[in-house]
Amino acid sequence: MISIVFSVLLILVVLGYFFGRQRALSSSGGTIGSLHSRPPYHGMYVASWVGIPSILLVLVWLTLQGPIIDMILVKSLSATKLQGLSQSQIDIIISQIKSLAAGNVFGEPDAEAREAAENYLRWQSIAQWAMFAAAVAIALAGMALTSGRISQLFRARHGVENVLNLVMIACSMIAILTTLGIILSLLIEAMRFFDRVSITEFFFGLNWEPQIPIREGQVTAGGAFGAIPVFTGTLLIAALALLVAVPTGLLSAIYLTEYANPRFRSIIKPILEILAGIPTVVYGFFAVLTVAPAMRDFGAYLGMDIAPNSAIAAGAVMGIMIIPFISSFSDDAINAVPNSMREGSYGLGATKGETITKVLLPAALPGIMGGILLATSRAIGETMIVVMAAGLIANLTANPFEAVTTVTVQIVTLLIGDTAFDNPKTLAAFALGLVLFVVTLCLNVLALRIVQKYREKYE
Amino acid sequence: MEPQVGMDQEIEKSTVPATGVSEKPGETAALNPKMKAKKVSVYYGEKQALFDVDLNIYEKSVTALIGPSGCGKSTFIRALNRMNDVIEGCRVTGKILLDDMDVYDPKVDPVQLRAHVGMVFQKPNPFPKSIFDNIAYGPKIHGMGSNKTDLEEIVETSLKRAGLFDEVKDRLKEPGTGLSGGQQQRLCIARAIAVSPDVILMDEPCSALDPIATARIEELIDELKQNYTIVIVTHSMQQAARVSQKTAFFHLGYLVEEGDTDMIFTSPNDERTESYITGRIG
Ligand SMILES: Nc1ncnc2c1ncn2[C@@H]1O[C@H](COP(=O)(O)OP(=O)(O)OP(=O)(O)O)[C@@H](O)[C@H]1O
Ligand SMILES: [Mg+2]
């Protein structure tokens with residue numbers, strides 16, 4: 001049915017285009033030059049007014065149709081059937097009726113349910129036909145209204161321009177609204193979590209042991225939701241990653257911009273960029289299968305005990321992952337320092353090294369800082385490497401050779417498997433997600449602001 | 001602060017004939033050549049940009065380089081302090097002497113040389129640092145002004161010599177990039193002066209400035225020539241006539257004519273010079 005609706009609308013749009021063009025041609029009286037806008041613009045103008053409102057109507061209709069019919073369905077059921085039932089039990093009855101309507105009969109449905117199912121089917125088909133009629137009516141109305149306006153002087157070009165504008169605004173609104181929706185759902189779930197676990201415990205508690213109820217209804221001891229060890233674990237791994245990535249990334253950027261000859265640069269830069277394109281799960285393998293055992297052996301050789309899933313293995317590999325961020329941001333920042341700064345410095349008798357450390361790096365510092373902040377936010381939000389290489393147990397330690405866990409690892413483990421969505425264990429994932437979101441958002445905003453401010457200076 | 005002196009300096013003096021440049025007795029008698037270019041050619045890769053240029057730069061005077069765009073003025077002035085070294089594929093042949101020391105001698109450290117032969121560029125290019133740090137940059141890297149008061153003194157005298165001190169003395173800590181274009185250019189001159197060079201090269205120092213700021217810089221150049229040897233590239237005939245004692249006219253990579261500014265502007269020997277000065281080529 002829906003595909004029929006869309007095909008009919010599409011046909012009307014095409015018809016609208018040709019109709020509009022034809023009208024324009026005939027109103028020009030043979031000389032196209034006398035028209036304000038060329039005929040195709042008139043066609044597009046009519047087509048867009050035929051297509052856009054009717055398709056919007058169909059979309060809105062489709063989203064509202066289900067809930068409204070459900071509501072009517074509930075209303076139609078006799079009061080006795082629903083008496084004393086909770087919302088979730090009512091939901092179950094409704095879905096039983098729906099599956100009955102779809103032809104799946106389970107057990108012995110009573111007469112009322114059968115009748116409701118029939119009603120349901122009937123309402124649905126009424127709704128769909130109504131939608132069809134309304135959409136076609138709107139499309140035809142659009143065609144009638146717009147083609148009536150077509151004349152020699154009608155500014156269809158501007159009309160099309162305005163329609164395009166609206167379409168673009170709508171598209172950008174989609175991104176914004178989605179983000180808002182995500183934030184809202186995170187907030188709501190997190191609020192539900194904080195109904196059960198106090199905010200102070202979550203943010204200041206030192207013990208993280210989310211209980212795992214084996215089956216629904218099993219009430220285990222409350223569990224501990226002090227997230228400090230999770231946060232410190234995240235920070236530890238991110239710090240280790242930065243320790244690896246900042247010097248390597250920065251120095252390679254300096255080398256590439258200031259010392260390397262162009263041919264070498266043209267080979268190395270793409271390789272660094274490939275590093276950014278490696279799927280993080282591959283880095284994860286690398287961390288678990290190569291780096292961690294190597295570190296363990298090395299530790300054993302030195303007489304140290306390094307955990308198999310130590311923070312340092314995960315951090316080091318994550319560091320390698322974020323090198324391209326830092327090096328490409330630093331590269332851009334250093335390149336953006338105008339050549340006149342270099343010449344000015346050389347002209348005063350400075351060496352290359354002095355010029356780099358005393359003039360170029362300070363001038364590029366904001367851009368480099370921006371890159372480091374973005375890389376930090378990547379490191380904090382990175383999931384796959386730590387899921388594979390870091391630990392699961394929340395350990396409050398600053399020792400990089402022990403296993404620690406991170407926010408992202410905990411979110412994954414909390415949500416994996418069959419879990420009910422209203423116990424604190426599951427909800428804790430949303431609280432952690434909210435914290436992660438806020439922190440990375442702040443880092444990104446800060447980084448972008450710094451980078452932007454820096455750009456203004458040389459333009 | 002003597003420049004590093006090559007061992008062959010003495011030999012240099014005796015073997016190289018005085019100069020290929022026509023010297024006007026009487027007029028130049030008071031002036032000693034500070035720098036001498038002998039048969040200087042400059043190549044960018046395969047392309048030759050300067051052909052056998054012979055030119056003397058006289059001490060404590062202003063030498064103006066004029067000529068149409070692309071004739072090699074910048075190339076020549078940059079050869080004087082080896083700024084061309086940083087350009088890939090650039091090659092210089094011939095000799096450039098600074099006080100009889102060959103600037104292109106392998107023993108000469110170009111970094112050291114540039115402390116003696118400073119440079120001011122076409123567009124003011126203060127570093128994104130405070131006014132103070134802009135000027136203290138050179139002295140610091142050369143180990144001048146070991147303590148803070150010394151450094152402050154150098155900064156103050158440099159600013160005074162560049163005629164900028166009164167305008168900025170209350171805001172030495174503010175960024176140099178916040179000054180007006182003319183002030184920025186004087187800051188760059190002060191920055192060059194701060195490393196106490198012997199020679200200051202200026203490549204079109206006023207071309208990004210308005211007439212008032214230009215007049216200010218011209219006055220400054222006139223004062224500076226008491227202490228420094230100055231070479232200035234300019235596209236303005238009036239400016240060359242106003243500030244310089246010597247003028248050299250370049251055309252298509254050749255030094256066509258050079259001599260006292262009065263002479264070049266009143267009775268040039270070469271007809272190309274005359275056409276350029278009167279505005280017929282350019
Ligand atoms: N980095 C470079 N690489 C290759 N060729 C160059 C380079 N710089 C200058 N040239 C060439 O050398 C010649 C002289 O250039 P130069 O910059 O010295 O001219 P100029 O007299 O300073 O001109 P203007 O008055 O426009 O500044 C020109 O033909 C120019 O194209
Ligand atoms: Mg030039």
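In this text, all values refer to a predicted model and were calculated from it rather than measured experimentally. Chain identifiers are assigned alphabetically (A, B, ...) following the order of the sequence lines, protein sequences preceding nucleic acid strands; residue numbering begins at 1 within each chain.
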Handout entry: chain A contact via P197(B) - side chain, backbone, both or neither, heavy atoms under 4.5 Å
Key = neither
Handout entry: Neighbour count above 12 (heavy atom, 6.0 Å) for F204(A) CZ
Key = no
Practice task
Taking atom CD of E161(A) as the centre, report whether more than 12 heavy atoms of other residues, nucleotides or ligands fall under 6.0 Å from it.
Solution key: no
Exercise for the section: Could you list which of residues 343-358 of chain A have a heavy atom closer than 4.5 Å to any heavy atom of chain B, in residue-number order? Expected result: E343(A), G344(A), S345(A), Y346(A), G347(A), L348(A), G349(A), A350(A), T351(A), E354(A), T355(A), K358(A)
Problem - Flag if over 12 foreign heavy atoms under 6.0 Å of CD, E153(B) - result: no
Fill in the blank from the handout: Max heavy-atom pairs within cutoff under 4.5 Å with chain A, candidates K140(B), R191(B), R82(B), Q122(B), goes to R191(B)
Practice task
State whether the number of non-hydrogen atoms from other residues, nucleotides or ligands found under 6.0 Å of F298(A) atom CZ is greater than 12.
Solution key: no
Practice task
Could you tell me whether the side chain of E88(B) reaches within less than 4.5 Å of the side chain of P262(A), counting heavy atoms only?
Solution key: yes
Problem - Which atoms of F127(B) approach chain A - backbone, side chain, both or neither, heavy atom under 4.5 Å - result: both
Practice task
Give a yes or no on this: more than 12 heavy atoms of other residues, nucleotides or ligands lie within 6.0 Å of atom NZ of K123(B).
Solution key: no
